[in-house]
Visitor: 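This is the structure, below, for whatever I ask next.
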Protein chains: 2
Amino acid sequence: MLEKASKVDLIFFMLRNGGAAHAFKISTTELANEMGVSQQSSSRWLIELEKDGMIERTRGGIKLSRYCMARCRTLYWLLRTVFEAQKSVKIEGLVIRGVGDGRVYLSMPEYRRQLHKSLGFFPYEGTLNLTIAEPGKKTDLVATRGIEIDGFLKDGRTLGAAKCFRCTINGREKGAVIIPLRSHYGSDVVEIISQNNLRKKLGLRDGSRVTVDVDKGE
Amino acid sequence: MLEKASKVDLIFFMLRNGGAAHAFKISTTELANEMGVSQQSSSRWLIELEKDGMIERTRGGIKLSRYCMARCRTLYWLLRTVFEAQKSVKIEGLVIRGVGDGRVYLSMPEYRRQLHKSLGFFPYEGTLNLTIAEPGKKTDLVATRGIEIDGFLKDGRTLGAAKCFRCTINGREKGAVIIPLRSHYGSDVVEIISQNNLRKKLGLRDGSRVTVDVDKGE
DNA sequence: ATTACTAAAAGCCGAGTAG
DNA sequence: TCTACTCGGCTTTTAGTAA
């Protein structure tokens with residue numbers, strides 16, 4: 001560690017020493033040595049962590065709280081999607097009406113050229129938008145490389161930079177999930193493009209249930 | 001997050017948004033909003049993270065460095081041992097001479113009583129010490145609950161608090177790995193106790209190779 | 001629009017020390 | 001011994017602002 005240790009490192013230290021499983025006895029002086037800070041700071045950190053509900057202190061020692069473990073688990077899930085990427089992911093969602101900005105982009109010749117170059121097809125001028133029940137699956141894609149769409153310059157600004165993942169909709173239509181690189185962080189909406197009008201081809205309307213097999217490769 | 005975000009959270013934010021896989025374009029103002037700090041702070045954080053070699057900034061955007069990913073992976077391994085605990089772990093090591101403090105504890109009646117109560121046997125008065133090639137396997141045990149040994153009071157101090165894991169040595173002798181709760185953090189030495197003198201029973205001498213099947217249950 | 005500098009305010013650290 | 005308080009000094013933050 002180049003940087004000075006922090007309260008976060010104290011949590012990780014406890015995790016490494018079983019603080020998740022059982023109360024862990026250590027003096028503030030020893031802890032300070034482990035963390036490379038003063039006894040005063042380690043004492044203060046423990047007080048603050050307890051106040052924040054991250055640890056529990058009893059006469060038996062220190063223990064990571066249930067709340068702390070829940071947050072650690074969330075972090076674990078994130079790291080797992082980063083380091084143990086699956087080859088594909090199945091997303092289920094319901095068709096919703098989009099805001100229409102997808103259609104605007106998809107009608108621009110520069111953008112259509114970019115997509116054709118990267119995906120091998122010129123898309124129908126409209127996106128199929130789905131609300132998904134498991135936003136984690138979009139997060140998973142967001143954290144994956146995917147097929148990069150460079151965007152294009154317009155009035156000195158780069159527009160439309162995005163990434164795509166080839167996918168199969170309802171087991172038969174080919175297309176791609178498209179995720180803009182800017183904006184829309186943490187949304188539970190997935191946008192799909194295809195050579196065809198998916199609503200028509202698959203007989204979909206608002207509220208229809210759709211299954212998408214997404215290929216996480218490039 | 002109750003606490004104020006830090007540079008560590010900025011790394012996790014980038015991880016969540018694919019910063020591991022590709023350059024990620026975001027203005028310091030947007031980033032500041034995401035992190036709940038001022039634009040000035042997010043700007044300074046990026047400068048400092050770049051100086052520390054955690055991120056790389058190019059005209060394409062921000063990207064997590066190889067070094068940063070290596071550190072994230074270490075954290076991932078830690079969290080995996082915490083959340084995906086295996087039922088058992090196989091440890092290989094070489095017999096070494098111990099410092100003799102194990103023998104001291106193991107000859108104390110109070111301690112012998114504790115161990116009998118928790119493990120069901122009175123141990124031979126000496127530990128079998130092994131150096132192990134994969135210290136991560138000890139870390140794994142340290143982060144697991146195990147069988148708690150309460151220790152005993154002597155002159156107003158609690159001595160000998162430890163945890164144990166039932167194990168089988170070289171496929172036939174039963175015993176337990178014993179890990180003192182205080183001191184010996186991060187060591188690559190594992191201590192084993194058993195009803196019998198393992199050196200004699202298994203014909204071991206310093207340098208002998210030993211395989212230990214450790215039961216991580218209670 | 002963007003990034004990053006300056007300077008004052010706010011917050012954190014650790015030596016000293018009490019209980 | 002231990003934990004945790006105070007307080008001077010250092011570091012980090014943020015408003016203002018330049019480029």
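Proteins come first, then strands; the chains are lettered A, B, ... in the order of their sequence lines, and each starts at number 1. This one's a predicted model, so the numbers in the text were calculated from it and none came from an experiment.
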Visitor: Is there a donor in the side chain of Thr74(A) and an acceptor in the side chain of Arg71(A), or the other way round, less than 3.5 Å apart?
Guide: no
Visitor: Return the angle between end axes of the helix from dT2(C)-dA19(D) to dG19(C)-dC2(D), with five pairs used per end and rounding to 10°.
Guide: 40°
Visitor: List the protein contact pattern of nucleotides 5-19 of chain D with one symbol per nucleotide (5' to 3'): B for base contact, S for sugar-phosphate-only contact, - for none; contact means a heavy-atom distance under 4.0 Å.
Guide: B------SBBBB---
Visitor: Grab the CG-P distance between Asn33(B) and dA1(C) for me, whole Å please.
Guide: 13 Å
Visitor: Specify the separation, in whole Å, of atom CG of Leu46(B) and atom C1' of dC5(C).
Guide: 16 Å
Visitor: Grab the CG-P distance between Leu49(A) and dC12(C) for me, whole Å please.
Guide: 13 Å
Visitor: Does Pro123(A) offer a backbone N or O that forms a donor-acceptor pair with the side chain of Arg112(A) under 3.5 Å?
Guide: yes
Visitor: In whole angstrom, what separates Lys25(B)'s NZ from dT3(C)'s P?
Guide: 10 Å
Visitor: Taking only residues two or more places apart in sequence, or in another chain, which ones meet Phe121(A) in a ring-ring contact (aromatic ring centres under 6.0 Å, His included)?
Guide: none
Visitor: Using 4.0 Å as the upper bound for N to carboxylate O, is an ion pair formed by Asp206(B) and Arg97(B)?
Guide: yes
Visitor: Do the rings of Tyr111(B) and Tyr105(B) sit parallel, tilted or perpendicular, given the 30° and 60° boundaries?
Guide: tilted
Visitor: For a quick test of reading the model, state the closest non-hydrogen atom pair linking Leu106(A) to Tyr124(A) and the distance between them.
Guide: CD1-O, 3.7 Å
Visitor: Provide, to the nearest angstrom, the distance between the CD atom belonging to Glu30(B) and the C1' atom belonging to dT3(C).
Guide: 14 Å
Visitor: For Met35(A) and dC12(C), give me the distance from atom CE to atom C1', rounded to whole Å.
Guide: 16 Å
Visitor: Does a donor on one side chain sit under 3.5 Å from an acceptor on the other, for Thr29(A) and Gln39(A)?
Guide: no
Visitor: Would you mind reading off the distance between Glu50(B) atom CD and dA4(C) atom C1', rounded to a whole angstrom?
Guide: 13 Å
Visitor: Please check: side-chain N/O of Ser118(B) versus main-chain N/O of Leu115(B), any donor-acceptor pairing under 3.5 Å?
Guide: no
